Protein chains: 2
Amino acid sequence: MKRIAESTVRRLSLYLRFLEEFEAQGHQTISSGELASQGGTTSAQVRKDLSFFGSFGKRGLGYSVSALSASLREILGLGRQWNVIIVGAGKIGAALAQYKGFRERGFKVVGVYDTDSARVGRSLDGVHVKDQRELEGDVAKLKPQIALIAVPAEAAQPLVDRLVKSGVRAILNFAPTPLTVPKGVTLRSVNMALELEILSYALVNADD
Amino acid sequence: MKRIAESTVRRLSLYLRFLEEFEAQGHQTISSGELASQGGTTSAQVRKDLSFFGSFGKRGLGYSVSALSASLREILGLGRQWNVIIVGAGKIGAALAQYKGFRERGFKVVGVYDTDSARVGRSLDGVHVKDQRELEGDVAKLKPQIALIAVPAEAAQPLVDRLVKSGVRAILNFAPTPLTVPKGVTLRSVNMALELEILSYALVNADD
DNA sequence: ATTAGCTTGTGAAATCATTCACAAGACCGC
DNA sequence: GCGGTCTTGTGAATGATTTCACAAGCTAAT
């Protein structure tokens, strides 16, 4: 299949959110325009996004909420449980470990690791923090597909290398540093200070 | 001035990071190629990004690390302190309140608010959590330019409306829901579950 | 069965972002 | 001062994404 733009995948994910809300409200069908207004985009964009994957609607009618939800879940790979490990049990790692939103969407935290002995042994929402030396062994055993990185910037790249070597194929990085991964491994980064700097730029240039 | 793409601003922010590291290592000059290899981009991209704002290098030599750092800080509006409030003192709000990276880059947390009386009064890294009823009064007094939102999804939009009404012009949202703001207000969202879903998509479609 | 009223799916056009490619400078060594 | 070697700054070309615009398809009402 043709490569799909990340912006498209991101929007599909948003559409799914909204479809679930809509379904809970008992609606049966939804039009591209309604979907668009929630996601802050246009009806043409919605239709184009969906068209990459097939044809899901009925002309004149719109989309079946439940059928489209199911299709999007399928497309996004959410019909299953993903096992996730979190490395780094500081403030951010701990908050992530306890974040309910992950579990609700099929992402199960199966391990939390740290190097600091003061943190090892603590329990975070049912999962207790293990020593980072156990990482390789656990990855081999539990086969988590996704790792979240919440360690200091300087520890992040060596950690990524270890994770990749152990077979992790998808990484979400919260350390404020750019990382590199080999081809075949997907890396995404969330950098909160950077987001604030973009806001700072917007404030300073408010008169554009 | 011509409108600058967000992707450009994001990269400028990254370049600044490296420049600071590079400066700490005692280097005087840096070429667009060196800057690019750090940021995972190309030298042409670096030069193009900078060209929107002026001409900062010397042909044959590269860029003065300190001069370019200063220019980027100026462009990004980082030559000053920004006052930030955080609304929502749950796991994520608390982690944000204690995140050192913000302070280091000139973002000072001047208030943390929650509605839950069990959380009100707690101290998070020197700032203590206040009742959300004090929000409007404090915003009028402290004039924070930026608000971080870490409340449940359903509480987010009403909160945004209150913040905007009180004069906040930039918002960073961590609630997993799309929000709308009037023109003149900048909103950015960080949605962690969404990032995981994008990874999920990548894993399922690894063979593209 | 026809019409009226919606809404989809999709090429084509327009816009936006990145990469290319090269002239114009700048420094160094001789 | 001149030739050689870098590296910038930037139009032009390419590539990617979004928006437009409209034919085609479906439902409901009469």
Side-chain angles (χ1 to χ4, degrees), chain A residues 1-15 18-19 22 27-69 71-72 75 178 198 201-202 205 208, chain B residues 1-15 18-19 22 27-69 71-72 75 178 198 201-202 205 208:
Chain A
M1 194 204 299
K2 197 175 146 291
R3 202 192 135 272
I4 301 298
E6 185 206 299
S7 52
T8 295
V9 177
R10 164 172 254 107
R11 282 189 301 266
L12 291 180
S13 203
L14 280 174
Y15 302 155
F18 183 55
L19 284 169
F22 221 67
H27 294 82
Q28 305 282 308
T29 62
I30 189 171
S31 70
S32 56
E34 290 170 292
L35 215 34
S37 68
Q38 287 300 314
T41 179
T42 66
S43 64
Q45 179 81 77
V46 171
R47 295 198 302 278
K48 181 65 89 178
D49 286 339
L50 295 175
S51 77
F52 294 125
F53 298 93
S55 168
F56 304 98
K58 276 208 171 63
R59 293 170 191 228
L61 244 198
Y63 302 87
S64 150
V65 173
S66 64
L68 186 55
S69 294
S71 299
L72 289 181
I75 290 165
I198 297 173
Y201 174 83
N205 298 279
D208 291 347
Chain B
M1 195 205 298
K2 197 174 147 289
R3 203 191 135 274
I4 301 299
E6 186 205 300
S7 51
T8 295
V9 177
R10 165 171 254 106
R11 282 190 300 266
L12 292 179
S13 204
L14 279 175
Y15 302 155
F18 302 134
L19 285 168
F22 223 67
H27 293 81
Q28 305 282 309
T29 62
I30 190 171
S31 70
S32 57
E34 291 171 291
L35 216 34
S37 66
Q38 289 296 311
T41 180
T42 65
S43 63
Q45 181 80 80
V46 171
R47 296 198 301 277
K48 181 65 86 178
D49 286 340
L50 295 175
S51 77
F52 293 125
F53 298 93
S55 167
F56 304 98
K58 276 210 170 62
R59 293 170 191 227
L61 242 199
Y63 301 88
S64 150
V65 173
S66 64
L68 186 55
S69 294
S71 298
L72 288 180
I75 290 166
I198 297 172
Y201 174 83
N205 298 279
D208 290 348

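What you are looking at is a predicted structure, and each value in this text was computed from that prediction instead of being measured. Here is how names work: the chains are called A, B, and so on, in the same order as the sequence lines, proteins then strands, and each is numbered from 1.
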Mind checking side-chain hydrogen bond (donor to acceptor under 3.5 Å, both in side chains) for B:Ser69 and listing every partner two or more places apart, or none if nothing turns up?
->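 Expected list: none.
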Tell me, please, which residues at least two apart from A:Gln28 pass side-chain hydrogen bond (donor to acceptor under 3.5 Å, both in side chains).
->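 So A:Gln28 forms no side-chain hydrogen bond (donor to acceptor under 3.5 Å, both in side chains) with any residue.
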Hey, does B:Ile4 have a side-chain heavy atom less than 4.5 Å from the side chain of A:Tyr201?
->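 Yes; the side chains approach each other to less than 4.5 Å.
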For DNA chain C, which residues in residues 54-61 of chain A have a heavy atom at a distance below 4.0 Å?
->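 Close to the strand are A:Ser55, A:Phe56, A:Gly57, A:Lys58, A:Arg59, A:Gly60, A:Leu61.
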Partners of B:Ser37 by side chain to side chain contact (heavy atoms under 4.5 Å, CB included), sequence neighbours excluded?
->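 If we apply the side chain to side chain contact (heavy atoms under 4.5 Å, CB included) test to B:Ser37, skipping adjacent residues, there are no hits.
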Residues two or more places apart in sequence or in another chain: which of them pass side chain to side chain contact (heavy atoms under 4.5 Å, CB included) with A:Ala202?
->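 Expected list: B:Thr186.
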Do you know the tightest heavy-atom contact between [X] and [Y]?
| X | Y | value |
| --- | --- | --- |
| A:Ser32 | A:Ser43 | OG-CB, 3.5 Å |
| B:Leu50 | B:Leu72 | CD2-CD2, 4.0 Å |
| A:Thr41 | A:Val46 | CG2-CG2, 4.1 Å |
| A:Arg3 | A:Glu6 | NH2-N, 4.4 Å |
| B:Lys48 | B:Ser51 | O-OG, 2.7 Å |

Which residues within residues 35-44 of chain A lie with some heavy atom under 4.0 Å of an atom in DNA chain D?
->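 Contacts with DNA chain D under 4.0 Å: A:Thr42, A:Ala44.
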Considering only nitrogen or oxygen atoms on both sides, find all protein atoms under 3.5 Å from nucleotides 28-30 of chain C and state each distance.
none

By ring-ring contact (aromatic ring centres under 6.0 Å, His included) - contacts of A:Phe22 (at least two apart) |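 Result, ring-ring contact (aromatic ring centres under 6.0 Å, His included) vs A:Phe22: A:Phe18, A:His27.
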Distance, nearest 0.5 Å, that separates CG of B:Leu19 from CG of B:Leu35 =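 Reported to 0.5 Å precision, the distance equals 5.0 Å.
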Are side-chain N/O atoms of B:Thr42 and B:Gln45 paired as donor and acceptor at under 3.5 Å?
->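 Per modelled atom types, B:Thr42 and B:Gln45 side chains form no pair under 3.5 Å.
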Between which nucleotides of DNA chain D, 5' to 3', does chain B make heavy-atom contacts below 4.0 Å?
->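 Reading along DNA chain D, I get D:dC6 to D:dA12.
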Find every protein N or O atom lying less than 3.5 Å from an N or O atom of nucleotides 15-17 of chain C, and list the pairs.
none

Determine all donor-acceptor pairs shorter than 3.5 Å in which one atom belongs to a side chain in residues 53-64 of chain B; sequence neighbours excluded.
{"from": "B:Ser64", "atom 1": "OG", "to": "B:Ala67", "atom 2": "N", "distance (Å)": "3.1"}

B:Arg11: what forms a salt bridge (Lys or Arg N to Asp or Glu O under 4.0 Å) with it, not counting sequence neighbours?
->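 Result, salt bridge (Lys or Arg N to Asp or Glu O under 4.0 Å) vs B:Arg11: B:Asp49.
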Please report, rounded to the nearest Å, how far the P atom of C:dG11 is from the CZ atom of A:Arg47.
->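 Those two atoms, CZ and P, are 14 Å apart.
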